[in-house]
Amino acid sequence: MFAALLAGCYRPALEDACTVACPDDFCPGDMQCGGDKLCHPRGTGDCSTLADANPNDTATEVCLGDGFVKQCFERPTAPLMFSTDSFDTNSGPCTLTRTEADGTTLCFLVGTRVEIDGTFRATGQHPLVLVGVDEVVVQATGVINVSSIHTSLIAGAGAGEAKGCAPSIAIGGVNDPAETGGGGGAGGSFRARGGNGGSGNNGTQVLAGGVAVNALPVPSSLRGGCPGGIGGYGVSGSGGVGGYGGGAIYLLSGGMIRILGRINASGAGGGRPNPSGGAGGGGSGGFIGLDAKAYSFDATTRVYAVGGSGGAGASPVAVGVAGNQASGPSASPLTMTVGTGGSGGAGGAIGAGAAGSAASLGGGGGGGGSMGFIGMANMNVVPVGTFAPPPVAMN
């Protein structure tokens with residue numbers, strides 16, 4: 001569990017000198033680690049004695065961030081240690097919260113050091129920012145999980161504040177007036193385009209599936225992935241619900257981020273429809289941000305924000321099948337139908353989601369969700385391990 005937390009306030013980003021903690025005596029560039037465990041210009045005294053020490057950083061306050069999140073905090077006094085823990089950003093308690101220009105509320109948890117050595121599950125409407133002033137470590141046994149899951153309609157932290165996504169109803173499948181077939185919902189589009197929903201078939205006419213919207217611009221703030229579209233209705237009057245997009249997690253440190261385990265921000269599979277209904281589209285992958293002065297990865301590192309698969313359409317007499325979830329950095333597999341409905345498209349790991357297939361009689365398959373976003377500030381190393389999609393610079 002985590003210790004008692006402190007409050008903070010926003011300040012602009014700092015200069016490098018005297019803003020980088022060095023618990024392991026490591027400093028970037030030509031700086032050296034002082035007795036106060038802060039990096040300072042070589043040949044000078046500790047930061048506490050420097051006339052040119054950054055005025056925003058004091059003995060009681062520290063300011064961090066070179067990427068999308070820049071924030072000042074009261075200097076924490078205790079680490080945050082997570083083993084098998086869960087956290088809801090709706091109820092907290094957060095160290096502090098901050099509302100962005102687009103209305104997104106960020107939840108911060110702040111410690112001298114953050115370590116995850118078990119499965120840490122974060123849910124809730126708001127994106128989560130984990131701050132280790134000295135270091136953030138995800139051990140080989142550690143997992144940070146902000147993925148969304150269709151089976152229990154769980155949204156990963158931040159999936160409820162996916163600003164800028166098209167409303168899922170706009171990319172849903174067409175309903176069948178005769179209630180014997182419906183089109184599949186489109187997959188969520190985030191950093192690439194979701195897959196189109198497959199068409200339904202009532203025996204005399206084809207019911208169109210949802211058409212996925214284009215990819216969104218490169219994000220400039222922390223936000224969740226985009227949901228999939230709903231399937232068109234059939235006999236029951238309801239198609240499959242769209243899967244939530246993946247959640248949003250941001251790791252922030254003034255020193256090192258070490259990832260030896262896993263971070264998962266994948267989208268949910270599309271929901272299964274009732275008889276003759278079209279399946280829901282899969283949610284896109286979410287957002288993973290890494291912001292530190294230095295990084296350490298190895299062959300066991302797995303960081304992924306993969307789209308969920310669309311669900312499989314229903315036959316006139318049987319329900320469909322819910323879409324598949326990502327089990328790792330590979331694309332989530334397509335969802336096979338058990339009747340005459342259409343199969344659901346696979347989710348995207350490094351690009352677009354696959355389209356759902358048409359029904360021979362019944363509801364169309366849902367489209368797969370597209371890949372999410374992985375950003376790195378100070379991208380000064382070639383990431384080792386497996387990243388899906390590949391990280392991009394976030395300065």
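Heavy-atom basis, side chains included; hydrogens, waters and symmetry copies ignored. Residue numbers run from 1 in the order of the sequence given.
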Check whether L290 and M379 end up in the same hydrophobic cluster, where Ile, Leu, Val, Met, Phe, Trp and Tyr are linked by side-chain heavy atoms less than 4.5 Å apart. yes
Steps toward side chain to side chain donor-acceptor pair (under 3.5 Å) verdict (T204, N202): CA-CA 6 Å; T204 59; N202 66 11; 3.1 Å; yes
Would you say the side-chain atoms of D291 and Y250 include a donor-acceptor pair closer than 3.5 Å? yes
Would a line drawn from the ring center of F297 to the ring center of F387 be shorter than 6.0 Å? yes
May I ask you to check whether T119 and T84 show a side-chain donor-acceptor distance below 3.5 Å? no
Just checking, any donor-acceptor pair under 3.5 angstrom between side chains of D298 and S296? no
Under 6.0 Å between ring centres, would you say that holds for F82 and F87? no
Around atom CZ of R262, are there more than 12 heavy atoms from other residues, nucleotides or ligands closer than 6.0 Å? no
If you count the non-hydrogen atoms of other residues, nucleotides and ligands that lie under 6.0 Å from CG in L361, is the total more than 12? yes
Between E135 and R113 (salt bridge meaning N to carboxylate O under 4.0 Å), is one present in this structure? yes
Do N274 and S238 pair up side chain to side chain, a donor and an acceptor below 3.5 Å, judged on atom types alone? yes
S147 side chain to G246 main-chain N or O, any donor-acceptor pair under 3.5 Å? no
Polar side-chain atom of S148 near backbone of G156 as donor-acceptor pair, under 3.5 Å: yes
Within a radius of less than 6.0 Å around CZ of R223, do more than 12 heavy atoms belonging to other residues, nucleotides or ligands occur? yes
Quick one: sort the F373 and F68 rings into parallel, tilted or perpendicular, breaks at 30° and 60°. parallel
